[in-house]
Amino acid sequence: MCGIFGYSGPKNAPEVILEGLKRLEYRGYDSWGIAIISEECKGQSAKSGIKLEKRIGAIGDLTSHFSLNTHHSSTGIGHTRWATHGGISEINAHPHFSTDKSFALAQNGIVENYQELKKDLLKKGYKFESETDTEVIVRLIEEKLVHLEGENVLRNKARLPGGERLKEAIRAAFLELEGRNTIIVLAKDGQIMAARNGSPLVIGINDGEVFLSSDTLSFAPYVKKVVVLDNGQMVSYNGKLDLVDIRSNKPLLCRSERINLKSSKVDKEGYDHFMLKEIFESPYVVSQVVNQDYKLYEDFVKQLKKAENVYTIGSGTAGIAASQIAFYLRVFGKIKAESVIGADIYEYYELLTKDDLMIAPSQSGETADVLEVLEIARKKDLKIASYVNMPGSTMGRISDYPFASHAGPEICVMSTKVFTSQIAWGYLLAKVISGKSEEGKVNLKKLAEVIDQYLNSGRNHDLLKKLAKELAKKQHIFLLGKYQNLNIVKEGMVKIIEGAYIHAHGIPAGDLKHYAITLMEKGVPVVVVLSEDVAKDDVINAVNQVKARGATVIGISSKPHASFDHYIPVPDTGETSAIMNIIPLQLLAYYMAVELGHNVDKPRNIAKSVTVK
Ligand code: BG6
């Protein structure tokens with residue numbers, strides 16, 4: 001979950017790269033760095049060909065002290081890091097220089113066999129200054145260069161021109177790496193090379209300029225055409241874009257596809273944080289779910305109905321959305337759908353068959369844990385559907401039925417509007433399956449209006465801000481829900497953990513009396529989410545049980561109840577009640593994060609898109 005970026009063309013590379021990295025910061029913001037071809041020294045000795053600068057912390061805070069900004073350069077690469085191997089330090093920040101400074105390299109991924117590679121390189125006398133697995137790739141390329149050199153001399157082969165030799169060395173080194181890796185390399189002659197296996201890499205192309213990045217959003221304002229690299233492909237650019245298959249070294253055609261990220265404008269538009277802006281976009285995303293091309297669903301619904309087993313799969317918040325989608329498929333679609341959390345599916349591998357179907361909701365479409373499962377599912381000929389927010393994603397590209405949420409960029413690491421979009425989509429899909437798509441659309445259109453009214457009533461925010469102040473002081477927070485609200489309280493748990501760094505625990509209301517009740521005592525906060533549904537009385541029973549032991553009960557529901565110590569009123573939206581109920585929980589987590597002075601859009605230790613296992 002790092003972000004890599006490269007540029008070559010008429011614009012000023014340091015500025016373009018810095019802007020690109022800022023748009024990639026959601027992928028990690030522990031440190032960042034940029035390497036450019038220093039024009040004044042271009043063509044001179046390797047020593048001065050590349051200028052490189054690295055910083056700890058998020059970009060936004062430090063650009064003023066960034067000296068490369070004063071240089072004009074047409075070519076460079078950049079990286080924003082989420083630390084996996086090696087602590088957060090300037091030494092461990094990318095890009096990393098080769099020993100002779102003839103090239104600089106940045107990586108997004110994990111070299112799973114880096115210890116044995118490093119051991120072998122140390123034996124051969126290579127030196128390391130950082131703790132990263134990335135530096136091992138740099139030294140491995142250097143070793144391949146020496147080997148190539150020797151080989152050419154031995155076979156009295158014509159010396160490959162510098163750029164070709166480096167490309168060949170990168171290819172040879174990349175084939176020895178295990179794990180999901182994507183690397184970008186800047187050579188002192190201004191050539192940029194990049195190789196992909198796992199973590200995403202997209203190339204934006206215009207006449208005379210090229211952008212390389214981990215996502216399309218980071219260069220969207222500048223280009224209309226992208227080339228999306230597949231695993232096992234390597235690209236090089238030195239005025240001309242060449243693509244090869246890494247294993248065979250065979251040239252490949254660069255197939256470009258058009259993108260139109262109209263809403264690629266990425267700013268807070270007057271909100272204090274992206275998170276609040278994105279929550280306020282919930283009505284828009286719900287209406288986006290309604291305004292879809294339903295022809296796309298005809299064949300998909302047929303496949304869904306005849307599938308032997310239907311699995312929904314996702315990680316983190318998307319995993320909870322996957323569970324709610326399965327819930328709606330069971331309740332409204334009468335489909336025996338089952339959700340599995342992306343990282344834990346080993347026991348299913350033997351059970352998957354070509355008669356099964358898998359549905360993956362995902363914001364980025366690049367989550368490694370889920371991609372790994374989908375790649376196995378593909379090998380077993382399962383039908384795959386995805387519901388992805390980021391255009392040009394791997395999940396979208398490997399799906400038989402790629403659906404897009406069109407929710408616009410979600411910048412806050414904590415997913416809010418995309419989660420809402422995912423579960424609204426699951427509800428509508430279930431209604432389409434049951435032949436009630438019109439009813440589903442009417443309900444969602446009504447829901448969008450109700451959410452909009454809810455969000456625009458200051459009283460609702462005042463209640464939640466007051467509650468946030470109270471809960472921000474707590475060590476442990478319990479959330480109770482059942483039936484349609486079980487995943488809602490689980491997502492409320494995730495939001496509170498991510499935003500407030502407080503331990504929260506979302507549990508099935510019925511389970512409470514079997515274990516969690518031992519923790520109930522005076523003042524323990526229990527947030528209860530209720531709908532006017534079949535489970536309501538069960539949940540009220542659980543509320544009375546915790547009340548009897550002194551807990552403080554916060555009720556989120558359309559009707560007050562004598563057992564509530566605090567009451568958060570939400571409108572009753574019938575079948576879509578659970579989708580309405582997530583909004584106050586998202587706002588509560590937001591106001592707790594603000595109350596605690598946390599970095600709301602970039603909480604500590606997590607990243608927006610986890611493209612490594
Ligand atoms: C986590 C994010 O790292 O990855 C979550 O913080 C997200 O918000 C999860 O739900 C899965 O990511 P994606 O892109 O597959 O939705």
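Only this structure's heavy atoms are used, side chains among them; waters, hydrogens and symmetry mates stay out. Atoms within each ligand, like the ligands themselves, are counted from 1 in listed order. Sequence positions, counted from 1, serve as the residue numbers for this chain.
Aromatic rings from Y590 and H273 are positioned such that their centres are separated by under 6.0 Å.
Between E498 and ligand 1 there is a heavy-atom distance shorter than 4.0 Å. For S315, the heavy-atom gap to ligand 1 drops under 4.0 angstrom.
Close N/O approach between A318 and ligand 1 is found [any backbone or side-chain N/O within under 3.5 Å]. Residue-to-ligand polar distances keep Q422 apart from ligand 1: every N/O pair is separated by 3.5 Å or more.
Checked by atom type and distance alone, the side chain of D601 pairs as donor or acceptor with a backbone atom of F274 at under 3.5 Å.
Nearest non-hydrogen protein atom to atom 16 (O) of ligand 1 is Q363 N, 2.8 Å. Of the protein's heavy atoms, K608 O, 3.9 Å lies nearest to atom 4 (O) of ligand 1. Remark: minimum distance from atom 14 (O) of ligand 1 to any protein heavy atom is reached at S364 OG, 2.6 Å.
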Intermediate values then yes/no, side chain to side chain contact (heavy atoms under 4.5 Å, CB included), Y427 and L429: CA-CA 5 Å; Y427 166 75; L429 175 60; over 6 Å; no
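Ion pairing between E595 and K465 fails under the 4.0 Å rule for side-chain N and carboxylate O.
Of the candidates Q363, E410, E366, E410 is the only one forming a side-chain hydrogen bond (donor to acceptor under 3.5 Å, both in side chains) with K608.
For K473, the salt bridge (Lys or Arg N to Asp or Glu O under 4.0 Å) partners are E470, not counting sequence neighbours.
Under 4.0 Å from ligand 1, heavy atoms of S362 appear from its side chain as well as its backbone. Looking at I606 against ligand 1, nothing comes within 4.0 Å, counting heavy atoms.
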